[in-house]
*Asks:* 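Here's a structure for you.
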Amino acid sequence: MQRGHFREIEQTENPDAEQVPACEAAKPAIIVYGKRVGTTLTVCTDNNCPVHDPRAAARLAQQEQENPTPVMTPAAPEETEEEAAQREAAYEQRRKEHQAEEDRRAEERRQQFEREEQDREAEHERRDQLRKQREATFERILENAPETFTPSQLRVLLRAIVNLDPYTFADDLSEEIAAENDNRSAEEVLLSTVDNTTDDKLTRFALRLALSGHVGIPRENEFDFLTEAAAVFAPPQKKAKAKKTRNTPVAMPKPTTQPKKPKTAKKQIAA
């Protein structure tokens, strides 16, 4: 399941701490991708769970106020059988109307949930495509790394380095470079990589170091340094169309051969 389709139920081993209550939708799960791979946890798979979603609980409370559950009217003293039957029939009618209203609202919530789910899936697909495009742009920049930087390229590189998040980029990049059982710190891994990189690949590593933290999709109103870098390091090349000129040779059609006429013998004139 993708994040956003479940809610993690945090459990604590402290007996004095307040435990998060379970629900009917609680299930055991294991993380199979990312930094917490192999971690087991308990998740709630109901997006409208009244136990773990305060908004769902508030929504149910509001629905109870708008459409309260009917309660049978208490029997009056010395109630006749006919009056009791009428009272029970009135309660049964209110109960049916209440259930019909609950079913209608449940159907509306189901349709709304399906629409939201479709919107989430569409947004997830859009972001996944955008992420792949940005990763391809990043690789294209590295493939076109120059031997030396021009002033405009160096300015973009420095701007990207200045705006790096120091708490994430070093760890993420070192994890890509280091071996699985490497116990060195992120700084040690990166410094060792710098020392062991050949001179002709230093600019490529500098680009990788500066831009790896900008490959992800930027937040709203956040500047896109990867796009800025792509414009100066690896601008998309347009295919030039061949222009026709007056001097362009044109193939002439082959002449059609006419069948040869048989030669006639010349008449000899007597002297």
Side-chain angles (χ1 to χ4, degrees), residues 1-131 167-168 216-222:
M1 300 181 66
Q2 298 292 334
R3 182 167 296 277
H5 293 193
F6 66 89
R7 184 179 292 101
E8 181 177 354
I9 303 176
E10 298 181 0
Q11 301 293 337
T12 176
E13 298 179 356
N14 185 1
D16 298 330
E18 182 179 357
Q19 296 290 338
V20 178
C23 65
E24 295 181 357
K27 298 181 182 295
I30 183 170
I31 298 177
V32 296
Y33 180 78
K35 294 183 178 180
R36 299 175 61 193
V37 61
T39 305
T40 57
L41 63 159
T42 304
V43 298
C44 172
T45 57
D46 184 3
N47 288 334
N48 296 311
C49 177
V51 178
H52 300 114
D53 187 359
R55 295 175 298 179
R59 189 163 52 248
L60 288 177
Q62 182 179 0
Q63 291 175 1
E64 183 62 26
Q65 291 180 356
E66 296 175 353
N67 188 32
T69 304
V71 179
M72 182 179 292
T73 306
E78 301 177 356
E79 182 182 49
T80 63
E81 293 183 0
E82 184 179 357
E83 291 173 342
Q86 292 176 354
R87 180 169 55 84
E88 291 178 359
Y91 165 73
E92 185 64 22
Q93 181 64 27
R94 294 196 307 272
R95 190 189 65 79
K96 290 181 179 180
E97 293 174 353
H98 175 270
Q99 186 60 43
E101 179 64 16
E102 287 295 306
D103 293 343
R104 184 188 66 79
R105 295 189 178 189
E107 179 62 20
E108 287 182 352
R109 290 194 300 271
R110 186 188 67 80
Q111 294 178 0
Q112 178 66 21
F113 173 76
E114 288 182 354
R115 289 193 295 268
E116 293 175 354
E117 187 71 11
Q118 291 175 357
D119 293 341
R120 280 193 294 267
E121 291 295 335
E123 177 64 14
H124 177 75
E125 181 68 20
R126 185 191 69 82
R127 292 182 65 85
D128 187 56
Q129 292 294 331
L130 180 58
R131 191 178 298 108
Y167 300 102
T168 59
I217 302 173
R219 299 183 182 90
E220 188 177 0
N221 299 326
E222 187 178 51

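Residue numbers run from 1 in the order of the sequence given.
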*Asks:* What distance do Asp103 atom CG and His98 atom NE2 have between them, rounded to the nearest 0.5 Å?
*Replies:*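 The distance works out to 10.0 Å.
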*Asks:* Is it true that Arg109 and Gln112 share a donor-acceptor pair across their side chains at a distance under 3.5 Å?
*Replies:*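 No pair is found: no donor N or O on one side chain lies under 3.5 Å from an acceptor on the other.
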*Asks:* Do other residues, nucleotides or ligands put more than 12 heavy atoms under 6.0 Å from Glu108 CD?
*Replies:*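 Atom CD in Glu108 is packed in, count exceeds 12.
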*Asks:* Looking at Arg105 and Glu102, does any basic side-chain N land under 4.0 Å from a carboxylate oxygen?
*Replies:* no
*Asks:* Looking at Arg87 and Thr73, would you say the former's side chain and the latter's main chain have a donor-acceptor pair under 3.5 Å?
*Replies:*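 Yes, Arg87 side chain to Thr73 backbone: donor-acceptor pair under 3.5 Å.
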*Asks:* Using side-chain heavy atoms (C-beta onward) and a distance below 4.5 Å, is Lys27 in contact with Thr42?
*Replies:* no
*Asks:* Counting only heavy atoms not in Glu222 (residues, nucleotides, ligands), do more than 12 fall under 6.0 Å from its CD?
*Replies:* yes
*Asks:* Working note: Glu101 + Glu97, criterion side-chain contact (heavy atoms from CB on, under 4.5 Å); need CA distance, chi angles, decisive distance, verdict.
*Replies:* CA-CA 6 Å; Glu101 179 64 16; Glu97 293 174 353; over 6 Å; no
*Asks:* Using the side-chain hydrogen bond (donor to acceptor under 3.5 Å, both in side chains) rule, pick out the option among Arg131, Arg127, Glu125 that qualifies with Gln129.
*Replies:* Glu125
*Asks:* Under 4.0 Å between a Lys/Arg side-chain N and an Asp/Glu carboxylate O for Arg110 and Glu107?
*Replies:*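 Yes, this pair counts.
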*Asks:* Can you give me the closest heavy-atom contact between Glu117 and Arg120, atom names plus distance?
*Replies:*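 Result for this residue pair: OE1-NH2, 2.6 Å.
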*Asks:* Quick one, Thr39 and Ile30 - any side-chain contact, counting heavy atoms below 4.5 Å?
*Replies:*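 Not in contact.
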*Asks:* Heavy atoms only: give me the nearest Val71-Arg94 pair and the separation to one decimal.
*Replies:* O-NH2, 3.0 Å
